[in-house]
Amino acid sequence: MKSVISSLSRLLSSREISSAELTDKYISAIESRNPELNAYVHTTFEEAKKNSAAADKMLKEGGASPLCGIPMTLKDNIATDGLPTTCCSKILQGFKPYYDATVWRKLKACGAVLLGKTNMDEFAMGSTSETSVYGAPSNPRNLQRVTGGSSGGGAAAVCANLAAYALGSDTGGSIRQPAAFCGVVGFKPTYGAVSRYGLIAYGSSLDQIGPITNSVTDAAVVYDAIRGEDEKDMTSCPTEKGKTILTPDVKGLKIGLADEFFDGLDTEIKSAVENAVKKYEKAGAQVMRISIPALKLALPVYYIIACAEASSNLGRYDGIRYGYRAQSYSSVDDMVVKTRTQGFGKEVQKRIMLGTYVLSSGYFDAYYKKACIIRESLRAQLKSAFGTCDVLIAPTAPNTAFVKGYTGGNAIEMYLSDVCTVPVNIGGLPAISLPCGKDKNGLPIGMQIIGDVFEDGKVLSAAYFAEEEKLCELEEVQGGVSL
Amino acid sequence: MAITEKEIKTLARLARLDFDDERCREFSGEFGEIIAFADRINAQVGGATSDIREVGGREIAYGDLRDDEVKESLLNEKVLSNVQSEGGFFPVRRVVK
Amino acid sequence: MKYELVSGFETHVELATATKIFCGCTTAFGGEPNTHCCPVCTGQPGALPVLNKKAVEFAIRAGLATHCEINTVTHLDRKNYCYPDLPKAYQISQFDKPLCEHGYVELESGKKIRILRIHIEEDAGKLVHERGFTLIDYNRGGVPLIEIVSEPDISSPEEAREYVEKLQLIMRYIGVSDCKMQEGSMRCDVNISLRPEGSEKLGTRTEIKNMNSIAHIEKAMRYEYGRQAEILSGGGKVEQATMRFDETTGETSVMRTKEDAQDYRYFPEPDILTVNIPQSEVDRIKNSLPELPLEKLRRYIDVLHLNAQNARLIYKYKAACDWFEEAVAAGASPKNTLNLIVGTVFSRLDTEEDKEKFDVGISGAQAAELIKLLDGGKINATLAQMTLAKMLETGDGVEKFISAEDMRGMDDGELTRLCKEAIAANPQAVADYKAGKEKAIFALYGYLKRATQGKADVQKATEIIKSLI
């Protein structure tokens, strides 16, 4: 794994290259490669030039952030003042927020350079980024394959070196799973560690912003820049003071392997993860097999809660204040119904209907309420697991990148691919995905390291071991900016 | 649990989506599968349900709530920047043919 | 068959916080459309609510003032429904854990109207329909409200009036709302059902939405009582429905029936953490509550032995009561103080709002210096009234207007001389008086008052005049 941010930061602070020059390199790379990859859905090159000019000034003055002058990208569901933010949905076509998400405000203050907004599943609902109204991005490692989702565009951009890093959002695996599919690093911090202000909500109690990077080192740098309590988000909380210190020492680290994550798992993926765990063991980590029975129910619990919240969060798209409005209608009510029916894609409508169903009178107790109760017992079981283990290691996904257009045998098969990632969101835990091998088709396999709440540093350090050990080195994708 | 087309229509009305008869028929099978999937939790956990615990599982102390201090509101043009405003209002023409 | 009216109220009261419930925008009434707005209160995607501490405090105050229990661990919920004035398509409200529960409002008769719950929520924006457009203004969107839900304990329009007036008074006393119905800062939904007199079973109810005047509430209740009684006595069944009241016709009509009832799909608001209020904070708020209006009225009548009619005139105005009590604390007699407020001070305050503010230019303590002279018989009531009027006019103290000489009053000889003058100057009044018109004598008082600048003792003058005529 190559630490792009630290390399670029060195070049920039030693003035070997200016941010403006670096930005131009990224812009040309995007212009040449994006038509094929469809990673970016809106480029913001004007903004990037402004940002890089500001960054060069900051670099000259000295004492700049390690992210100063470095070109990056945001997922299309993170609000940027005056710049398109559409959740890759028709219903938000043309929408330009008039305020910045807290994460972008913080990064801008560090001197970050915004190249554009990246592709995603519509409203982050999907596991392949194919529900995007702009069409799916392609996996830079195999163009016939999907990037994963929902932060697929960000993972593709980072993988293809069309951005030094990306911010994604993760409601049920949307940072980690595309990172695994594209062979990069994806980090979902503890719920509340990073402000959600300006992140267009899908499942509010599960959503979390995090970085997609080329390395664990890079992930820690970006995480440090965006984390912390925000007065605009009541669910945010203070995080550790000072920057995250990565230590590759895993001696005595207690690693839990929960049977439920491995039951019936594809053998290639299983052995890739187990081989990685062996390396940890060799270096002195203590591995223990545990059981967390409630994990088996995590998937339906996730879909019930996420869709319930989504059905409410997406009620506001009515054509009145922003975005798409139906062309012809007979009353205001009719306008709203037509706007929503025409503006939302099929998957989004399906999830709104499911969410409406589980909250409606007569079904609330059997679904939503029960899901909340199981969530509590899952949390309790995770808590007791972290009483004995420092981290859990699990596969990121039960499969590698799908062939494009694959929809599964029935309505829920695609949902099953989130089985390893959703428990983390239900628990509000920090987790990182990093490459741990390749399958027979040469596609990357991802491994997850999961920690207890607010043990983000421990998770990053445990992952840093793999980086230092060169656990899995994937070849660099050509055509992007190379150092 | 099977879902009837009538139920789908009721849900669609609540969700403010238009599901005509054809779409209802098309959707009911798929939706049935999803409901069956969600029903797994009922197969596993029976019986009565207790109070819903708080969503984030976290609390805020009363003293940490926001103080009642006025912040400047945004300019009207900014608030209305995503619509064609009408006299400072968000306008919706009631009928458009 | 005779029917008994059974009614419960849902009263929305806008809280007098400086900022909205979930953002820092002002709650000021009016303003150009959409100028008190931000991403939060216009429901922009990605914006998040941040709960205002003052709104919680005011709601607790309201709860304590209506004898409620306070849920010290409370959360907010989303109430999902769609209307263009509701920018998120859900209202943040409270469902299963309201801040306050199980209180009551006492009427003067001693009857208690039980309060089921009081919860906090956000107000919606405003719609204007014109020129083929629906125009939306979100200035009011996000203004904090409490909804006060009563049990169906109200059994007549008169009781309803008193209940609403008492609520209004309580809220004003404790400073949480101005409760101006005409500006919409207090609005009532009225539930009404009928049952045969003596029956315990509740009938099917209808709900009249959004009433914004007490007079209309009484009218609507009378009309709805008549409508339901007619249905029931004809052997029919009242249909559960939401009604509206037409102010011009004075009639109620059905807005929607049970069939199209809303399904609000309440669930806990994930963007707002559960609020934990320490008991010490509840106690602090409780200790800061003023004496409540009905307690005050009873004390004025029963303990201070004030004239009940006058006490009723003043107790509605908290600031006036404070002024009164300041004067009494400074040694003035309650009776004379109250008489002067009702007779002299109130006559200078034209509007309800003026009386509410009671911004009269002098303090109760300053007035007490004057009233004490009256109490001690050093000056008479007329001079006290006239002097108070001058003090209110100028803001000056009593020493400016009353000298030691004034306090001696007037000797009998001088008074008799003036009475003679008065009789001579008012022959018609004297004739009328002789003809049996008792009130004609007032014309003579007027003359004396002018001639003596109020120093004449009216009682003594009456005796003299009567003896002279």
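Just so it is clear, the model here is predicted, and its values are computed rather than measured. Chain letters run A, B, ... following the sequence lines, proteins first, then strands; residues in each count from 1.
With respect to B:Asp64 and C:Lys53, no salt bridge is recorded, no charged nitrogen being found less than 4.0 Å from a carboxylate O. By the 4.0 Å N-to-carboxylate-O rule, C:Asp189 lies close enough to C:Lys209 to be salt-bridged with it. Using a cutoff of 4.0 Å between basic side-chain nitrogens and carboxylate oxygens, C:Arg78 and C:Asp271 are scored as salt-bridged. Taking 4.0 Å as the cut-off between side-chain N and carboxylate O, C:Asp96 and C:Arg117 do not count as a salt-bridged pair. Checked for salt-bridge contact, C:Lys20 and C:Glu122 miss the test: no charged N lies under 4.0 Å from a carboxylate O.
Interface remark: C:Cys23 contributes backbone atoms only to the contact with chain B (heavy atom separation under 4.5 Å). Proximity to chain B (any heavy atom under 4.5 Å) is shown, for C:Pro39, by both the backbone and the side chain. For chain B, the nearby part of C:Glu281 is the side chain; its heavy atoms alone come within less than 4.5 Å. For C:Ile21, the part lying near chain B is the backbone, with the side chain staying farther off; criterion is any non-hydrogen pair under 4.5 Å. With a threshold of 4.5 angstrom between heavy atoms, C:Ala55 does not approach chain B through any atom at all. For chain B, the nearby part of C:Thr42 is the side chain; its heavy atoms alone come within less than 4.5 Å.
Between the side chains of C:Thr35 and B:Asn76, no donor-acceptor pair of N or O atoms lies under 3.5 Å.
Counting heavy-atom pairs closer than 4.5 Å to chain B, the top residue among C:Ala89, C:Cys38, C:Cys82 is C:Cys82. Of all the listed residues (B:Gly88, B:Gly87, B:Ser73), the one sharing the greatest number of non-hydrogen pairs under 4.5 Å with chain C is B:Ser73. Taking B:Arg16, B:Arg93, B:Arg94, B:Arg66 one by one and counting their heavy-atom pairs under 4.5 Å with chain C, the maximum is reached by B:Arg66. The residue among C:Val50, C:Thr134, C:Ile272 with the most heavy atom pairs within less than 4.5 Å of chain B is C:Thr134. When each of C:Gln44, C:Glu57, C:Glu32 is checked for heavy-atom pairs under 4.5 Å with chain B, C:Glu57 comes out on top. Contact tally against chain B (heavy-atom pairs below 4.5 Å) for C:Thr26, C:Leu127, C:Thr17: the top residue is C:Thr17. Ranking B:Leu74, B:Asp68, B:Asn82 against chain C, the residue ahead of the rest is B:Asp68, based on heavy-atom pairs under 4.5 Å.
Other residues, nucleotides and ligands contribute over 12 non-hydrogen atoms within 6.0 Å of the CD atom of C:Gln279. The environment of C:Gln182 atom CD is dense: over 12 non-hydrogen atoms of other residues, nucleotides or ligands sit within 6.0 angstrom.
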* Applying ring pair (Phe, Tyr, Trp, His ring centres under 6.0 Å), run through C:Tyr90 and C:Tyr81 and close with a yes or a no. => CA-CA 6 Å; C:Tyr90 57 82; C:Tyr81 70 94; 10.0 Å; no

